[in-house]
Amino acid sequence: MRLFVPGAAATMAQWQGALGRSGLTLDDESLTSQHLGFRALAEWVDNDGSFGEAFSHGTVSAEEQHAIAAAGSALVLDLPVYLGAAAGEVATLIAALGDAGALGVRLEQSKLGWSVTHWLRSLEGGNPWMLYRCAVVVLQDHGVSRSCGMHAFGLPDARVEAPPSEANRLLGEFNVYQLAEEPVLVSGDTFRPDLETPRRRLERWPDDGYPPGHACHNPFGAWRLGAEGGEADSRSELRPVFIPALVALLTAAEAEAGRSLRRDEVERVTSEGICMMMPHADARQLERSRGYADLEPELAWRQWQVLRESRA
């Protein structure tokens with residue numbers, strides 16, 4: 001997670017003093033506390049006049065936005081945790097930041113910024129819908145709707161072609177299902193939020209909405225919800241996991257070739273790669289610890305093109 005935190009403090013020294021009184025220790029590189037199980041990387045940022053605009057999406061009141069626009073400075077914090085699993089610790093951190101004069105907190109993965117009070121209510125309430133709406137935004141573009149921000153939870157986003165109101169419902173139901181029940185999903189599974197809604201087949205693809213390195217880029221990719229009436233594929237108990245990842249193998253092969261790989265070359269690397277057969281749940285855990293999703297072997301050529309274009 002990456003948090004943008006504007007506050008009343010105008011200097012690094014003022015932040016250090018205020019945070020110290022709240023039980024946090026801030027140095028030139030990190031923020032720590034005996035009450036937190038992690039060390040957050042920290043960067044001090046002067047107010048360049050854009051703070052108010054960063055909270056201009058209607059998620060804070062006009063009065064709160066005015067105060068943020070006049071903030072003395074801000075901290076950018078990189079937290080080595082996923083939001084769902086560490087909700088309690090993140091709430092502890094945000095409460096301490098509020099006591100130290102934080103005027104709001106923006107999640108950089110989705111660019112959603114809220115007051116400290118709203119964050120605490122969402123994090124401490126135990127309601128996955130509140131947490132989802134606090135952290136994830138849905139974007140529409142040429143008939144396709146997609147969520148943005150699920151990587152803050154260590155999960156893929158989702159996209160679907162449907163009218164906006166139906167898309168919002170489907171994406172919300174699907175993503176909250178991921179948050180609340182942590183299902184082990186694989187390409188070829190199907191999803192429907194209720195018995196009256198037709199099933200849609202799922203395929204996992206690389207995120208093509210934002211380039212790698214952008215805060216909004218989801219390294220775990222995005223689930224594509226197919227057309228209504230999709231049927232599930234049969235699923236084996238084990239799945240092949242490339243060691244090293246297929247993405248790494250193709251990246252190395254392309255670097256060695258000094259050019260874009262042809263389809264037959266991508267297929268050869270895929271067929272010759274070393275795999276370990278793992279239960280789906282173990283494969284997901286490995287993916288989360290690695291920090292990104294690999295390509296689907298059956299879709300390797302097409303997905304490699306998507307990944308290459310997003311890197312360009």
Side-chain angles (χ1 to χ4, degrees), residues 1-10 12 14-16 18-26 30-33 35-137 148-154 179 215-216:
M1 295 175 57
R2 174 172 291 174
L3 305 179
F4 174 67
V5 187
M12 184 65 152
Q14 289 177 2
W15 272 111
Q16 289 171 329
L19 290 167
R21 291 188 290 275
S22 297
L24 300 173
T25 300
L26 175 67
S30 65
L31 181 67
T32 57
S33 170
H35 303 298
L36 299 175
F38 57 82
R39 168 181 174 268
L41 297 180
E43 178 185 0
W44 178 85
V45 180
D46 195 13
N47 189 345
D48 61 358
S50 66
F51 286 10
E53 183 180 354
F55 286 76
S56 63
H57 303 295
T59 55
V60 298
S61 68
E63 182 180 357
E64 289 168 333
Q65 186 185 358
H66 180 75
I68 290 169
S73 63
L75 295 178
V76 177
L77 303 176
D78 284 302
L79 281 55
V81 294
Y82 294 127
L83 182 55
E89 288 182 298
V90 176
T92 297
L93 172 61
I94 290 178
L97 290 167
D99 291 341
L103 301 171
V105 176
R106 187 173 80 161
L107 179 66
E108 294 300 272
Q109 276 79 1
S110 62
K111 305 300 184 183
L112 283 178
W114 304 90
S115 68
V116 168
T117 300
H118 185 89
W119 271 109
L120 295 179
R121 188 163 57 243
S122 299
L123 289 166
E124 297 173 344
N127 184 328
W129 274 104
M130 286 188 65
L131 194 53
Y132 171 71
R133 293 185 177 117
C134 192
V136 180
V137 65
C148 176
M150 290 294 288
H151 49 314
F153 301 97
L179 292 179
C216 294

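Computed over heavy atoms, backbone and side chain alike; hydrogens, waters and symmetry mates excluded.
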*Taking only residues two or more places apart in sequence, or in another chain, which ones meet V60 in a side chain to side chain contact (heavy atoms under 4.5 Å, CB included)?*
F55, E64, Q65

*asked:* Is it the case that over 12 heavy atoms from other parts of the model lie below 6.0 angstrom from the NE2 atom of H66?
replied: no

*If you take all heavy atoms of L131 and S122, which pair is closest and at what distance?*
CD1-O, 4.1 Å

*Is there a donor-acceptor pair under 3.5 Å between the side chain of S56 and the backbone N or O of G52?*
no

*Does any N or O in the side chain of N47 come within less than 3.5 Å of the main-chain N or O of A69, such that one atom is a donor and the other an acceptor?*
yes

*Does Q109 use its side chain to pair, donor to acceptor, with the backbone of R2 at less than 3.5 Å?*
yes

*Partners meeting ring pair (Phe, Tyr, Trp, His ring centres under 6.0 Å) with F153 (sequence neighbours left out)*: none

*Between G23 and S33, which heavy-atom pair has the shortest distance, and what is it?*
O-OG, 3.1 Å

*To the nearest 0.5 Å, how far apart are CG in L75 and CG in L41?*
12.5 Å

*Determine the minimum heavy-atom distance between P80 and A40, stating which atoms define it.*
CD-CA, 4.5 Å

*Once you round to the nearest 0.5 Å, how far does CD of E63 lie from CD1 of I68?*
11.0 Å

_Short N-O contact, R121 and E124, less than 4.0 angstrom_ = no

*Dump the intermediate steps for side-chain contact (heavy atoms from CB on, under 4.5 Å) on L97 and V116, then the final yes or no.*
CA-CA 8 Å; L97 290 167; V116 168; 5.8 Å; no

*asked:* With heavy-atom distances below 4.5 Å as the criterion, would you say the side chains of L24 and L36 are in contact?
replied: yes

*D48 side chain reached by F51 side chain, heavy atoms, under 4.5 Å*: yes

*Measure the CD-CZ distance between E43 and F4 for me, rounded to the nearest 0.5 Å.*
10.5 Å

_Spatial distance of atom NE2 (H118) from atom CD1 (I94) [nearest 0.5 Å]_ = 10.5 Å

*Of all the heavy-atom pairs spanning W44 and A10, show the shortest one and how long it is.*
CZ2-O, 3.3 Å

*Would you say the side-chain atoms of W114 pair up with the backbone N or O of C134, donor to acceptor, closer than 3.5 Å?*
yes

*Over all heavy atoms of both residues, which pair between C148 and S110 is shortest? Give the atoms and the distance, please.*
O-CB, 3.4 Å

_Flag side-chain contact, heavy atom, 4.5 Å: V90 against L83_ = yes

*Look up atom CZ in R106 and atom NZ in K111, then write down how far apart they are to the nearest 0.5 Å.*
4.5 Å

*Please round to the nearest 0.5 Å and tell me the distance separating atom CG of L179 and atom OH of Y132.*
8.5 Å

*Taking the side chain from T32 and the backbone from R39, do they hold a donor-acceptor pair closer than 3.5 Å?*
no

*Do L107 and V136 come close enough that some side-chain heavy atom pair is under 4.5 Å?*
no

*Heavy-atom closest pair, residues Q16 and L26*: NE2-O, 3.1 Å

